[in-house]
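Small disclaimer: the values here were computed from a predicted structure and weren't measured. Along the sequence shown, residues carry numbers from 1.
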Amino acid sequence: MGIASVTIDAARPKSPDAHLLKWGDAAQLFLPDGSQLFDIDEALAEALDGALQSGDGGITLKKLLAGLDVLPVPDRCSGLPEDRRVRALSLAVAQSCNLGCSYCYAQGGGFGSAPKGMSLETARAAIDLMLGDTRPGERANLAFLGGEPLMGRDVIHDATYYAARRASERGIKLSFSITTNGTLVGERDIELFDKHGFAVTVSLDGAGAAHDRQRPFKGGRGSYARIIERIAPLVERAHRCQVSARVTVTPRNLGLSTMLEELISFGFHSVGFSPMLSAPDAENEMQHDHLVEMLEQMMACGRVFEARTIAGERYPFLNLLNGLREIHRGTHRPYPCGAGAGYLGVSADGELAACHRFIDAPEGAMGNLADGVDRVRQTAWLEARHVHEQSGCRSCWARYLCSGGCHHETLSRGRPACDFIRGWLHYVIGAYGRLTRARPDFVGQLAR
């Protein structure tokens, strides 16, 4: 049995109220309520292990926890979010794409319709909606997605300048982001991204042929060489903007360790992996065995991260960095993201959606720019998507970290990745404990 399988077994829920981790000569206790984490001694670890293994996670567990300094946690998860003001938007400025990615959830960029682009008037109306909901001194984020958003380059540039000016007038701290396939990035775009401090995410599924197999141009020609040609000047000249790589992991590109090293050496600020759980065809979707292999690879990357960090080096493995930050902050939430609440997607036609993945999808419809957010649909969405309403989540110790998983993926396919997610979180918590011992200064910086 590989390390990933052992980790998955160790991470399976034995109680909804506690999770025990043991590694080396150390033990940790994780409490979902408030995402509290404790270092515990061997005697308590053995007693807790006995209670959890026997299935006696009730009275005995409560007695054992009574001696710990467990903080009372305010109820943050039973109700719906009261503040539903829109402070983050993604604009589908181009519902079209020049690539033919085999696994595209947007069905070639058009979301099942003929290609179309967003007008500047629609973009400005969306920006006005968001800034009208945001108070002076608060933060807001404007994201550009597609399809391939740079097929709507003029709208991106004009909308950015418009939004920056309006936000400045209102005293709002506005940030910008874009997710791009990288093939169309030009000099004018590089200047815009750096001037406005964009967070630029480039979709890359490996180096050379590994990428080209999954993300060719629509005519079948590989896109990797073009992307590197266009992105290299951006990475080299990035000053205010941050350029990261995002890898979609399918059964065909599971060599994550090598891929991570290649992409880091290119100069990306960070590199992250995301499993393809919901694709137009099952061939591109990760099955259980693939997810076990992915976890094996992720943990290998994590061990390199730990070693490099202990040695005082920076190693920009985004999945582990984000996980460590969540544990450090004590993240405890009933939803995996702001979709359908403070974050909405906007289609090229001005229709509002729960997020960028639900563009033109009836199940994620949230109104339109002309009439505003449909509060009835929004409330129904938030009620249905709450973690307490998700099958299997109530009994899981990771429920307030995972929060039920991506809405689009779970509605499309269910939850095939629970073992993978719990296994990864189990590893992350252990890594947090090890780094707390070896590099307390590093851990102290995670809140920044």
Which is it for Asn319 and Trp424 under the side-chain contact (heavy atoms from CB on, under 4.5 Å) test, yes or no, and what are the steps along the way?
-> CA-CA 9 Å; Asn319 298 77; Trp424 176 242; 4.0 Å; yes
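- To the nearest 0.5 angstrom, Met294 atom CE is 6.5 Å from Ser274 atom OG.
- With Gln214 contributing its side chain and Ser102 its backbone, the two residues share no donor-acceptor pair below 3.5 Å.
- Note on Glu409 versus Arg357: salt bridge recorded, some NZ/NE/NH1/NH2 to OD/OE distance being below 4.0 Å.
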Run the numbers on Tyr161 and His196 for ring-ring contact (aromatic ring centres under 6.0 Å, His included), then give the verdict.
-> CA-CA 9 Å; Tyr161 285 112; His196 291 278; 5.2 Å; yes
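- The shortest heavy-atom contact between Ala18 and Pro32 is N-CD, 3.8 Å.
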Apply ring-ring contact (aromatic ring centres under 6.0 Å, His included) to Tyr335 and Trp381, showing your working.
-> CA-CA 11 Å; Tyr335 299 96; Trp381 164 274; 9.0 Å; no
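- Of the inter-residue distances, the one linking Thr201 atom OG1 with Ile178 atom CD1 reads 9.5 Å to the nearest 0.5 angstrom.
- Between Glu169 and Arg165, at least one side-chain N (NZ, or NE/NH1/NH2) sits under 4.0 Å from a carboxylate O, which counts as a salt bridge.
- Residues that satisfy the salt bridge (Lys or Arg N to Asp or Glu O under 4.0 Å) test with Glu296, not counting sequence neighbours, are absent from this structure.
- In terms of modelled atom types and a separation under 3.5 Å, the side chain of Gln297 and the main chain of Ser257 share a donor-acceptor contact.
- The salt bridge (Lys or Arg N to Asp or Glu O under 4.0 Å) test applied to Arg188 returns Asp154, not counting sequence neighbours.
- Using a cutoff of 4.0 Å between basic side-chain nitrogens and carboxylate oxygens, Asp25 and Arg437 are scored as salt-bridged.
- In terms of modelled atom types and a separation under 3.5 Å, the side chain of Ser35 and the main chain of Thr331 share a donor-acceptor contact.
- Atom CG of Leu318 sits about 6.5 Å away from atom OG of Ser244, to the nearest 0.5 Å.
- Distance alone, capped at 3.5 Å, places no donor-acceptor pair between the Ser168 side chain and the Ala164 backbone.
- Checked by atom type and distance alone, the side chain of Gln378 never pairs as donor or acceptor with a backbone atom of Val373 at under 3.5 Å.
- Evaluation of the salt bridge (Lys or Arg N to Asp or Glu O under 4.0 Å) test over residues 379-389, restricted to residues two or more places apart or in two chains, returns none.
- Centroid-to-centroid, the aromatic rings of Tyr427 and Trp23 stay 6.0 Å apart or farther.
- Tyr315 has its ring centre no less than 6.0 Å from the ring centre of Phe317.
- At a threshold of 4.0 Å, the pair Asp212-Arg215 does not count as salt-bridged, since none of the basic side-chain nitrogens sits closer than that to a carboxylate oxygen.
- Here the closest heavy-atom approach between residue Glu285 and residue Ser278 is recorded as OE2-CA, 3.5 Å.
- Contact record, Thr179 with Pro149: O-CG, 3.1 Å, taken as the closest heavy-atom pair.
- With Gln390 contributing its side chain and Ala384 its backbone, the two residues share a donor-acceptor pair below 3.5 Å.
- The stretch residues 226-241 participates, sequence neighbours left out, in these side chain to side chain donor-acceptor pair (under 3.5 Å) pairs: Glu187-Arg237.
- Contact between Ile227 and Ser203 at its shortest, heavy atoms only, is CD1-O, 4.4 Å.
- If you look at Phe420 and His288, their ring centroids are not closer than 6.0 Å.
- Side-chain contact between Leu31 and Leu29 is present, with heavy atoms from C-beta onward closer than 4.5 Å.
- The pair Arg87-Asp83 counts as a salt bridge, with a side-chain nitrogen and a carboxylate oxygen less than 4.0 angstrom apart.
- When each of Trp397, Tyr432, Tyr400, Phe38 is paired with Phe30, the ring pair (Phe, Tyr, Trp, His ring centres under 6.0 Å) condition holds for Trp397 and for no other.
- With hydrogens and angles disregarded, a donor-acceptor distance shorter than 3.5 Å links the side chain of Ser403 to the backbone of Arg333.
- At a threshold of 4.0 Å, the pair Arg439-Glu306 does not count as salt-bridged, since none of the basic side-chain nitrogens sits closer than that to a carboxylate oxygen.
- Remark: Glu261 engages Arg308 in a salt bridge, criterion side-chain N to carboxylate O under 4.0 Å.
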Would Leu142 and Leu91 count as a side-chain contact (heavy atoms from CB on, under 4.5 Å) if you check the C-alpha gap in whole Å, the side-chain angles of each, and the deciding distance to 0.1 Å?
-> CA-CA 8 Å; Leu142 183 64; Leu91 306 186; 3.9 Å; yes
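- Using a 4.0 Å cut-off between charged nitrogen and carboxylate oxygen, Lys22 and Asp49 count as a salt-bridge pair.
- Screening residues 189-200 for salt bridge (Lys or Arg N to Asp or Glu O under 4.0 Å), with sequence neighbours left out, gives Arg153-Asp189.
- Classified by interplanar angle (parallel below 30°, tilted 30° to 60°, perpendicular above 60°), the ring pair Phe198/Phe176 is parallel.
- Atom OH of Tyr103 is separated from atom OG1 of Thr248 by 3.5 Å, given to the nearest 0.5 angstrom.
- Residue Gln287 holds its CD atom at 9.5 Å from CG of Leu277, rounded to the nearest 0.5 Å.
- Side-chain N or O atoms of Arg85 include one that pairs as donor or acceptor with a backbone N or O of Asp133 at under 3.5 Å.
- Between Arg325 and Leu446, the shortest heavy-atom contact is CG-O, 3.6 Å.
- Rounding to the nearest 0.5 Å gives a distance of 11.0 Å between CG of Asn253 and CG of Leu204.
- For the pair Gln28 (side chain) and Asp39 (backbone), a donor-acceptor distance under 3.5 Å is absent.
- At least one side-chain heavy atom of His19 sits under 4.5 Å from a side-chain heavy atom of His426.
- Applying the salt bridge (Lys or Arg N to Asp or Glu O under 4.0 Å) rule to pairs touching residues 173-184 yields nothing, sequence neighbours excluded.
- When all heavy atoms of Ile172 and Thr134 are compared, the closest pair comes out as CD1-O, 3.5 Å.
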